[in-house]
Amino acid sequence: MQLETCEQLTLENMAGWLASAAMIFGGVVPFIPQYREIKRKEDTEGFSLYVCLALLIANTLRILFWFGNHFEVPLLLQSILMIITMFFMIKVCIDVRNKHQITKQKDRVFKDFQSYVGFMVLFTLVGSVVMYLLVDVKIFVETVGLLALLTEAMLGLPQFIRNFGNKSTEGMSLAMVAMWTLGDTFKTCYFIKRKQPIQFELCGALQICIDLAILIQVYIYRNNILLVRPTARVD
């Protein structure tokens with residue numbers, strides 16, 4: 001009887017470790033096929049850099065939220081890894097655009113990789129100071145958590161808007177979106193199972209809805225080809 005109990009505990013521990021590992025690394029896996037496609041085709045037209053910016057802001061806010069409300073460490077590690085991954089995605093996109101850009105576009109808010117880094121450094125410093133000063137104010141901490149997860153939940157929205165405007169999903173990795181959907185479903189179940197703050201559960205559900213909306217676009221625009229590329233971009 002005792003042996004069976006020990007075996008059961010061991011299996012539960014292994015399952016817990018596997019789930020934690022999936023949470024840490026699962027978030028970045030969907031971006032691998034998109035990264036490879038950008039490198040292979042040397043084309044970023046189907047991918048919105050606002051997705052990367054939204055994830056940088058969301059995960060920075062989530063790390064700040066951790067200092068006021070200590071959620072599970074795997075979720076904290078996930079945020080750190082995601083920030084690193086997003087900088088890799090931004091770098092490859094900007095390198096590809098600069099390689100094929102004939103004239104510099106002056107209307108773009110973020111003109112180069114350094115502008116993204118500078119913005120995030122400033123954002124992190126300001127956020128850290130404010131969190132340090134207000135870390136004991138519960139409503140402020142919970143609001144930061146809500147903003148972090150709501151921003152992450154809406155990360156697919158720029159991609160949805162771009163697809164809608166282009167009436168095409170050409171250049172966007174279907175594997176990436178499919179992995180988004182599976183990953184968001186898994187992590188929402190994880191949040192519920194591990195009884196994480198309510199912000200995680202609500203925003204996870206919203207994220208799944210947006211993922212499904214993008215998959216519907218893939219079906220609707222499956223025969224459409226992006227014939228005319230915009231002459232100016234703001235991302």
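All heavy atoms count here, side chains included; hydrogens, waters and symmetry mates do not. Computed from a prediction, not measured in an experiment: that's the story for all the values here. Counting begins at 1 with the first residue of the sequence.
The line from CG of Leu56 to OH of Tyr50 is 13.5 Å long, rounded to the nearest 0.5 Å. For the atom pair Leu149 CG and Asn59 CG, the distance stands at 9.0 Å (nearest 0.5 Å). Rounding to the nearest 0.5 Å places CZ of Phe160 at 7.5 Å from CG of Leu157. Asp211 contributes atom CG, which lies 9.5 Å from atom CG of Leu182 (distance to the nearest 0.5 angstrom). Taking OG1 of Thr185 as the reference point, atom CD1 of Ile208 lies at 4.0 Å (rounded to 0.5 Å). The distance from atom SG of Cys209 to atom CD1 of Ile214, rounded to the nearest 0.5 Å, is 12.0 Å.
Linking ILVMFWY side-chain heavy atoms closer than 4.5 Å, directly or via other members, places Leu147 and Met131 in a single hydrophobic cluster. Hydrophobic clustering, with ILVMFWY side chains joined whenever heavy atoms are under 4.5 angstrom apart, groups Phe71 together with Phe186. Hydrophobic clustering (ILVMFWY, side-chain heavy atoms < 4.5 Å, transitive): Ile94 and Leu55 are in one cluster. Leu212 and Leu206 fall within a single hydrophobic cluster, where Ile, Leu, Val, Met, Phe, Trp and Tyr side chains are chained together by heavy-atom contacts under 4.5 Å. Cluster annotation: Val137 and Val144 are assigned to the same hydrophobic cluster (Ile/Leu/Val/Met/Phe/Trp/Tyr, side-chain heavy-atom contacts under 4.5 Å, transitive).
Val117 pairs by the side-chain contact (heavy atoms from CB on, under 4.5 Å) definition with Phe87, Phe113, Val121, not counting sequence neighbours. Scanning for side-chain contact (heavy atoms from CB on, under 4.5 Å) contacts around Glu201 gives Phe191, Ile192, Ile198, with sequence neighbours left out.
Phe123 CZ: more than 12 foreign heavy atoms inside a 6.0 Å radius. The environment of Ile139 atom CD1 is sparse: at most 12 non-hydrogen atoms of other residues, nucleotides or ligands sit within 6.0 angstrom.
Within the 4.5 Å cutoff, no side-chain heavy atoms of Lys41 are placed close to those of Val96. Side chains of Val92 and Lys39 form a contact here, defined as non-hydrogen atoms less than 4.5 Å apart. Between Leu75 and Trp66, every side-chain heavy-atom pair lies at or beyond the 4.5 Å cut-off.
Using modelled atom types, no side-chain atom of Asn69 and backbone atom of Phe65 make a donor-acceptor pair closer than 3.5 Å.
Residue Ile63 comes nearest to Ser79 through the heavy atom pair CG1-CB, 3.8 Å, listed as atom of the first residue, atom of the second, then distance. Shortest non-hydrogen contact noted between Ala178 and Leu215 is N-CD2, 4.4 Å. Contact record, Met86 with Cys52: SD-CA, 3.6 Å, taken as the closest heavy-atom pair. Heavy atoms only, all atoms of each residue included: Ala148 and Leu61 are closest at CB-CB, 3.4 Å. Among all heavy-atom pairs drawn from Asp112 and Tyr116, the shortest one is O-CD1, 3.4 Å. Taking all atoms of both residues into account, the shortest heavy-atom contact from Met89 to Phe31 is SD-O, 3.9 Å.
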Query raised in the report: Yes or no on side chain to side chain contact (heavy atoms under 4.5 Å, CB included) for Ile57 and Leu53, after CA distance, side-chain angles and deciding distance?
Result: CA-CA 6 Å; Ile57 293 173; Leu53 185 61; 4.2 Å; yes
Query raised in the report: Can you list the steps and then say if Phe140 with Val130 is a side chain to side chain contact (heavy atoms under 4.5 Å, CB included)?
Result: CA-CA 10 Å; Phe140 170 77; Val130 176; 3.4 Å; yes
Query raised in the report: Does the side chain to side chain contact (heavy atoms under 4.5 Å, CB included) test come out yes or no for Val28 and Ile32, once each step is laid out?
Result: CA-CA 7 Å; Val28 304; Ile32 295 176; 5.7 Å; no
Requested in this report: Apply side chain to side chain contact (heavy atoms under 4.5 Å, CB included) to the pair Arg97 and Leu49, showing each step before the final yes or no.
Outcome: CA-CA 12 Å; Arg97 287 183 179 180; Leu49 275 179; 3.8 Å; yes
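In this model, no donor atom of one side chain and acceptor atom of the other lie less than 3.5 Å apart for Gln78 and Lys187.
Relative to the six-membered ring of Phe164, Lys167 meets both conditions, a distance below 6.0 Å and an angle of at most 45° to the axis.
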